[in-house]
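Before any comments, here is the structure.
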Amino acid sequence: MIEELVRTGVARFEYSHIINHGRPSMLGALATECGGDQGAWWSFHDHYMSQWDFSREGAIAYAASLSLDTEEFTQCLDSEKYLELVEGQHRQAVADGANRTPTVRINGEGAAIVADALIEQVLTLAAELEAEG
Amino acid sequence: MNRIRILAGTLAVAFIALLLTSCGDADGDQQSASQAQSAIQAEQADQPAQIEQTQQAEPEARVQVIRDRAFLGSPDAPVVIQEYSDFL
């Protein structure tokens, strides 16, 4: 559904890491960023949204299942190449008021959106966009 | 307008599902926003985007999709959906 909105140019979807659960959270974030080095960021994102293996071995096995270069991936993961990036996104999220996960903002507004407010906000935005042509 | 309303409604349903499937509390650092923003901007400046042409799912789906570590979609999209989340 989001993909359709993205493909039709209505919306852009952005993701920022929040690290709420220590090492497992960090490993998932780092593995996703390392996957991104080989064009598999969104594959890792979808993978971690649907399963609970946040081990180093599990990440490497998933990289292998995607036919990524596992040596490069492992080096990236073990060296914590993207530690500063992930920590920076976490700090920014906290600064933006994202104190619960997932927090969704639309055009920079609405941290900790609740469903009714979200619906109203999306409809309002859509109407404004239509009026603008 | 109807099409936009349908898309908007679909989006809302998707996020309701997200809210129901994941919850937690952030207890991270409280560094200043300016420091964090600077760090992120510096990181993003070092990360080239990979540009791909996605499959044409619908006749009107002609928007070039840019995939990188931070976002999915056109950089010119009028609506930006920002999700802050933890995989756990």
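Computation of the quantities below employed the complete heavy-atom set of this structure, encompassing side-chain atoms and omitting hydrogens, waters and symmetry-equivalent molecules. Sequence lines set the chain letters: A, B, ... in the order given, protein chains first and strands last, and positions in each chain run from 1. None of the values given here were measured: they were computed from a predicted structure.
The closest side-chain heavy-atom distance from B/Asp86 to A/His17 is not below 4.5 Å.
To the nearest 0.5 Å, the span separating CD on B/Gln82 from CG on A/Asp96 amounts to 7.5 Å. Interatomic distance, CG of B/Leu72 versus OH of A/Tyr15, reported as 14.0 Å (0.5 Å rounding). Atom CG of residue B/Leu88 and atom CD1 of residue A/Ile19 lie 9.0 Å apart, to the nearest 0.5 angstrom. For the atom pair NE2 (A/His45) and OG (B/Ser85), the distance works out to 7.0 Å, reported to the nearest 0.5 Å.
The side-chain contact (heavy atoms from CB on, under 4.5 Å) with A/Phe13 is formed by just one residue from the set B/Val80, B/Ile81, B/Val79; it is B/Ile81.
Between A/Ser16 and B/Glu83, the side chains place no donor N or O within less than 3.5 Å of an acceptor N or O (distance only, hydrogens not considered).
Side-chain rings of A/Phe44 and B/Phe87 stay apart, their centers remaining 6.0 Å or farther from each other.
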Carefully, step by step, assess A/Arg105 and B/Tyr84 under the rule side chain to side chain contact (heavy atoms under 4.5 Å, CB included).
CA-CA 8 Å; A/Arg105 304 177 85 195; B/Tyr84 305 86; 3.4 Å; yes

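Contacts of A/Tyr48 with chain B are made by both backbone and side-chain atoms, with heavy-atom separations under 4.5 Å.
Shortest non-hydrogen contact noted between B/Pro78 and A/Gly9 is CD-O, 3.3 Å.
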